[in-house]
Amino acid sequence: MNYLKCILGLLLGLLSITVCAKIQTILPINTQDTSMVYGVNESNKLQFLYYGKRLNSFDNFSELHMVNKPDTNRTFQSPAIPTFGADGFMNEPMLRVTHADGGMSTDLVYVGHQVNNQDNNVSVMKVKLRDPNYPFFVTLKITAYLKENIVSQQTIIEHSEKGDIELQSFYSGYLALKSQAYHLTHFHGAWAGEMKLSEEKLTQGIKSIESKKGVRTTQTENSSFLLSLGQTSTEDTGEVIGGALAWSGNYKINFEVDEYKNLNLLAGMNPFASQYTLASNDIFETPALILSYSAQGQGKISRNFHSWARRYSLMHGDQERPIVLNSWEGAYFSFDQATITEMIDDAADLGVEMFVLDDGWFGNKYPRNSDKAGLGDWQVNQSKLPNGINFLAEHANKKGLQFGIWIEPEMVNQDSELAKNHPDWIVQRPGRKLLEWRNQLSLDLSNPDVQAYVYSVVDDLMQSVPNIAYIKWDANRHIENIGSNYLAKDKQSHFWIDYTKGLYSVYEKIRAKYPNLLMQACASGGGRLDFGSLAYHDEFWASDNTDPMARVSLQYATNLIYPAIATGSHISTSPNHQTKQPSSLKFRADVAMTGRLGMELLQDENRTFIKKALLTYKNIRKIIQFGDLYRMHTPIDGSGWTSLAYVGSEDAVMFLFSTRHHDRGIYPTVKLKGLDAKANYRITELNKGDKTCWVDQKVFSGEYLMNVGLNFDVRFAYDSLVLKLTKVN
Ligand code: GLA
């Protein structure tokens, strides 16, 4: 009999049978159009049940019909926080811990939960879990932003075990997805070529996007993605999940398709070389994984991220950004006081609103006349600027401009007073060769003394030049030669995380004292483009590549996730340091206007055109910086055009770029999106070139513009068009 039972049991285990699992407590989190659902099962385990289109009833989750895993007698279930060791989860775990007694397995059961509605748009659900064998606790925190259709996941880890525990893996968020196919869009690149988009079909195994570089963590691979479920998605069709990690240090995002075609998505701080010791009663909080779901393609994901960023993430997300002129491409390191005052005068005449003095203004014993010396010595260079920064800031103010300045306070040249005075502050492993990058080394921000110093760079500058209104904060290398003179020998692996936390603590102090200061996140261009850093910054420098054709693609990919209001986008000289290909001033201005418009120095250009363009931008910037972004043609749709529109409540601005030559007779039809179908719109051409577009001053209905569309004679590479659409009665 026993023998028969055994055979039967084995057969049942081997055959896939459908069973019912009871979910005792259902925990839904809703936004306007999406739902994320967790549930506590009969074994008191918190399960991840669903992320997708908004559901109105959750009752059916109480009985989950599931299939047994072949060759086990267990069902497919997805723990909310997959742990290593005790839970039967065989994929990459979200949490891996060595407990105080050496035990390597972790199990989590549900303790309780609470939901707190912060207001009528934001709600926070916290679910507390514990290990039945240890006083080890994890709180899963889910924040839902109703109108913006954003949900964020993060965890808080604490314990009161008898001794330290070691955290080995500590991801922030996890999704368990089931679809016929998965297509991942991610963004990779290099200096002056950030945010190159790749889309690929995921197959069994793990695809990871990650950084192990410590600084400039998002330059070579950005910590954001789009994941299409089933078919590939387009601007307006398909199921898509967008994600972005709010963390400016090493990160890892895993897309693991298992043997049954389930996709396990994990995102968080990179566990690589980062084992973290957590003392009893200390708290370890992971950064937020920001998620959005759309059943209507990628455009909606972008709009969700942008409105969320402006309202909840970006510094001063509700304030218009000034037009900046940055001195870098115009002067590099060679300037004196007269060069700068002339640039300011010129900028004022053109209608610029903020002058930013870039690299090269500091260092005396080791003057910063190239990138070889002076970094770290933040005293005004007396021979270049004998009357100091105050003189320049006042000069700018007198001319009606605000004044900004460049700093790179996390870094040091060996040829600097700072490096000579504080060799112990430099990231290095004694006995190893110092590896320079752009002739510079990194400072150890895990050290509180270095944090205090970095804060003092900003504070001293602000104290001595109170009318600094803008700081461009740069960071021009990765971290190598890992080693901290501050961290204890058994805590060296804390370096990556403590560096980023140290950086954030400096930002916090700066923001507490200087809440109105505008700050730009730059790390050789877009090396710190993530929602962790954007929480302290007003904008980012998207790339050192200011070639407008390159920017069409780069800003398209950037703005899939990050908003135009924060995208530093400058009109530059042409050809310039990045390209030999000349482009018209109109094309450069049109491209730059799709983001936060600024300029690098322009020589021998048509000043009348620039003046008018800057004035135009001032009139339309509300729409660009706060409007909803719709894309009609994209750089990846094969059409050879890129067209987009920012749509406000009363008006819209449309941009069209031809990115290659098209045969005679091949013209783009632009069918606008997001307009009011019932309204009429008067069209005004902006930044006019030699010819006037046929639609200028004509009136069309929203319905016509969106369904029939308009044809334009924009056929040759570097042709472009900008139109304003204004509602009329
Ligand atoms: C980096 C930045 C540039 C400029 C230089 C100055 O490369 O991305 O915009 O500020 O540093 O050295």
Side-chain angles (χ1 to χ4, degrees), residues 32-33 53 149 226 228 230-240 294-304 306-307 552 556 559-560 564 590 593-594 620 622-624 626-660 662-688 691-715 719-729:
Q32 215 159 268
D33 304 322
K53 204 167 179 170
N149 291 307
L226 296 172
S228 305
Q231 303 298 315
T232 52
S233 57
T234 67
E235 272 303 300
D236 305 299
T237 63
E239 272 196 284
V240 200
S294 155
Q296 294 129 44
Q298 303 175 3
K300 188 159 195 269
I301 293 281
S302 304
R303 291 186 289 282
N304 289 344
H306 297 173
S307 20
V552 169
Y556 155 71
N559 295 147
L560 278 167
D590 290 357
M593 275 195 185
T594 63
I620 58 168
K622 252 203 180 73
I623 314 170
I624 289 166
F626 304 107
D628 288 329
L629 171 60
Y630 289 86
R631 291 175 286 255
M632 284 76 74
H633 296 86
T634 71
I636 58 161
D637 66 10
S639 67
W641 285 287
T642 291
S643 65
L644 55 138
Y646 293 97
V647 181
S649 57
E650 290 307 306
D651 31 27
V653 182
M654 187 208 98
F655 295 88
L656 171 64
F657 305 104
S658 179
T659 49
R660 62 171 151 83
H662 298 265
D663 290 343
R664 193 179 286 273
I666 307 283
Y667 296 113
T669 300
V670 181
K671 294 184 185 179
L672 279 124
K673 298 176 186 173
L675 301 180
D676 179 351
K678 294 199 189 83
N680 288 320
Y681 291 86
R682 178 180 305 283
I683 299 188
T684 309
E685 185 180 2
L686 307 176
N687 289 358
K688 270 189 203 175
K691 301 179 288 181
T692 296
C693 180
W694 70 276
V695 295
D696 191 35
Q697 297 314 316
K698 292 200 166 53
V699 175
F700 296 87
S701 69
E703 173 184 75
Y704 183 93
L705 290 168
M706 291 193 290
N707 292 294
V708 183
L710 302 171
N711 293 317
F712 298 109
D713 184 3
V714 174
R715 192 162 71 83
D719 277 357
S720 59
L721 181 71
V722 188
L723 302 177
K724 181 170 183 209
L725 293 80
T726 311
K727 261 188 197 173
V728 288
N729 292 324

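Quick caveat: nothing in here was measured; it's all calculated off a predicted structure.
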A.B. asks: Once you round to the nearest 0.5 Å, how far does OG1 of Thr237 lie from NZ of Lys300?
C.D. replies: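 Rounded to the nearest 0.5 Å, the OG1-NZ separation comes out at 14.0 Å.
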A.B. asks: What I'd like to find out is whether the side chain of Asp696 reaches to under 4.5 Å of the side chain of Thr684, using heavy atoms alone.
C.D. replies: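 Side-chain contact under 4.5 Å: yes.
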A.B. asks: side-chain contact (heavy atoms from CB on, under 4.5 Å) for Leu710 and Tyr704? Distances and angles first, verdict last.
C.D. replies: CA-CA 9 Å; Leu710 302 171; Tyr704 183 93; 4.1 Å; yes
A.B. asks: Heavy-atom distance under 4.5 Å between the side chains of Val653 and Val722, does that happen here?
C.D. replies: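 Val653 vs Val722: side chains touch.
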A.B. asks: Just by distance, do the side chain of Trp641 and the backbone of Val670 share a donor-acceptor pair under 3.5 Å?
C.D. replies: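 No.
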A.B. asks: Above 12 or not: heavy atoms from other molecules or residues under 6.0 Å from CD of Gln231?
C.D. replies: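 No, CD of Gln231 has 12 or fewer neighbouring heavy atoms, counting only those of other groups under 6.0 Å.
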A.B. asks: Any idea which heavy atoms bring Asn559 and His306 closest together, and the distance?
C.D. replies: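 Looks like O-NE2, 2.8 Å.
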A.B. asks: With no hydrogens and no angle check, is any side-chain donor or acceptor of Ser720 less than 3.5 Å from a backbone partner on Phe657?
C.D. replies: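 No; judged by distance alone, with no hydrogens or angles, the pair does not exist.
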A.B. asks: Taking the side chain as every heavy atom from C-beta outward, state whether Asp236 and Gln296 have any pair of such atoms under 4.5 Å apart.
C.D. replies: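 Asp236 vs Gln296: side chains apart.
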A.B. asks: From Met632 CE over to Asp637 CG, what is the distance, rounded to the nearest 0.5 angstrom?
C.D. replies: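 These two atoms lie 11.5 Å from each other.
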A.B. asks: With side chains defined as the heavy atoms from C-beta onward, is the minimum distance between Ile620 and Tyr646 less than 4.5 Å?
C.D. replies: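 No, every pair of side-chain atoms sits at 4.5 Å or beyond.
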A.B. asks: If only atom types and distance count, is the side chain of Asn149 paired as donor or acceptor with the main-chain N or O of Asp33 below 3.5 Å?
C.D. replies: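 Side chain of Asn149 to backbone of Asp33, a donor-acceptor pair under 3.5 Å: yes, one is there.
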A.B. asks: Keeping Arg682 on the side-chain end and Gln697 on the backbone end, is there a donor-acceptor pair under 3.5 Å?
C.D. replies: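 Yes; at least one donor-acceptor contact below 3.5 Å.
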A.B. asks: Restricting to non-hydrogen atoms, name the atom on Thr594 and the atom on Ile624 that form the minimum distance, rounded to 0.1 Å.
C.D. replies: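 Scanning both residues, the minimum pair turns out to be O-CG2, 3.9 Å.
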A.B. asks: Rounded to the nearest 0.5 Å, what separates atom CG in Leu723 from atom OH in Tyr681?
C.D. replies: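 The distance works out to 14.0 Å.
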A.B. asks: Rounded to the nearest 0.5 Å, what separation is found between the CG atom of Leu725 and the CG atom of Asp651?
C.D. replies: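 Here the interatomic distance stands at 8.5 Å.
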A.B. asks: Could you walk me through whether Tyr630 and Leu675 pass side-chain contact (heavy atoms from CB on, under 4.5 Å), step by step?
C.D. replies: CA-CA 10 Å; Tyr630 289 86; Leu675 301 180; over 6 Å; no
A.B. asks: Does a side-chain heavy-atom distance below 4.5 Å link Leu686 with Met593?
C.D. replies: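 In short, these two side chains do not touch, never coming nearer than 4.5 Å.
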A.B. asks: Considering all heavy atoms of both residues, which atom of Gly674 and which atom of Val647 are nearest to each other, and what is their separation?
C.D. replies: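 Distance-wise, the nearest heavy atoms are O-CG1, 3.4 Å.
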A.B. asks: What pair of heavy atoms forms the shortest contact from Gln298 to Ser233, and how long is it?
C.D. replies: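 So the two residues come closest at NE2-OG, 3.1 Å.
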A.B. asks: Considering only heavy atoms from C-beta outward, does the side chain of Glu685 approach that of Leu721 to under 4.5 Å?
C.D. replies: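 Heavy-atom side-chain distance check passes, below 4.5 Å.
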A.B. asks: Has Ser294 got a side-chain atom pairing as donor or acceptor with Gly297's backbone, closer than 3.5 angstrom?
C.D. replies: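 Pair found, side chain donor or acceptor close to backbone of Gly297.
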A.B. asks: Please work out which of the three classes, parallel, tilted or perpendicular, describes the rings of Phe700 and Trp694, given edges at 30° and 60°.
C.D. replies: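 It falls in the perpendicular class, over 60°.
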A.B. asks: Is there a donor-acceptor contact under 3.5 Å from the side chain of Ser643 to the main chain of His633?
C.D. replies: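 Such a contact is found between Ser643 side chain and His633 backbone.
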A.B. asks: Could you tell me the separation between the CG atom of Asp713 and the OG atom of Ser658, rounded to the nearest 0.5 Å?
C.D. replies: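 These two atoms lie 10.0 Å from each other.
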A.B. asks: With distance as the sole test, does Lys678 use its side chain to make a donor-acceptor pair with the main-chain N or O of Gly702 at under 3.5 Å?
C.D. replies: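 Side chain of Lys678 to backbone of Gly702, a donor-acceptor pair under 3.5 Å: no, none is there.
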A.B. asks: Set out, in order, the CA-CA distance, both residues' side-chain angles and the distance that settles side-chain contact (heavy atoms from CB on, under 4.5 Å) for Ile683 and Leu705, then state yes or no.
C.D. replies: CA-CA 11 Å; Ile683 299 188; Leu705 290 168; 4.2 Å; yes
A.B. asks: Return the CG to NZ distance between Asp676 and Lys727, rounded to the nearest 0.5 Å.
C.D. replies: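 Going from the CG atom of Asp676 to the NZ atom of Lys727 covers 4.0 Å.
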A.B. asks: I need the minimum non-hydrogen distance between Ile623 and Gly648, along with the two atoms involved.
C.D. replies: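 So the two residues come closest at CG2-N, 3.8 Å.
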A.B. asks: Can you name the closest pair of heavy atoms from Gly638 and Arg660 and give their distance?
C.D. replies: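 What the structure gives for the nearest pair is O-NH2, 2.9 Å.
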A.B. asks: Short question: side chain of Lys673, backbone of Ala645 - any donor-acceptor pair under 3.5 Å?
C.D. replies: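 Flag not set: sc Lys673 to bb Ala645 has no pair under 3.5 Å.
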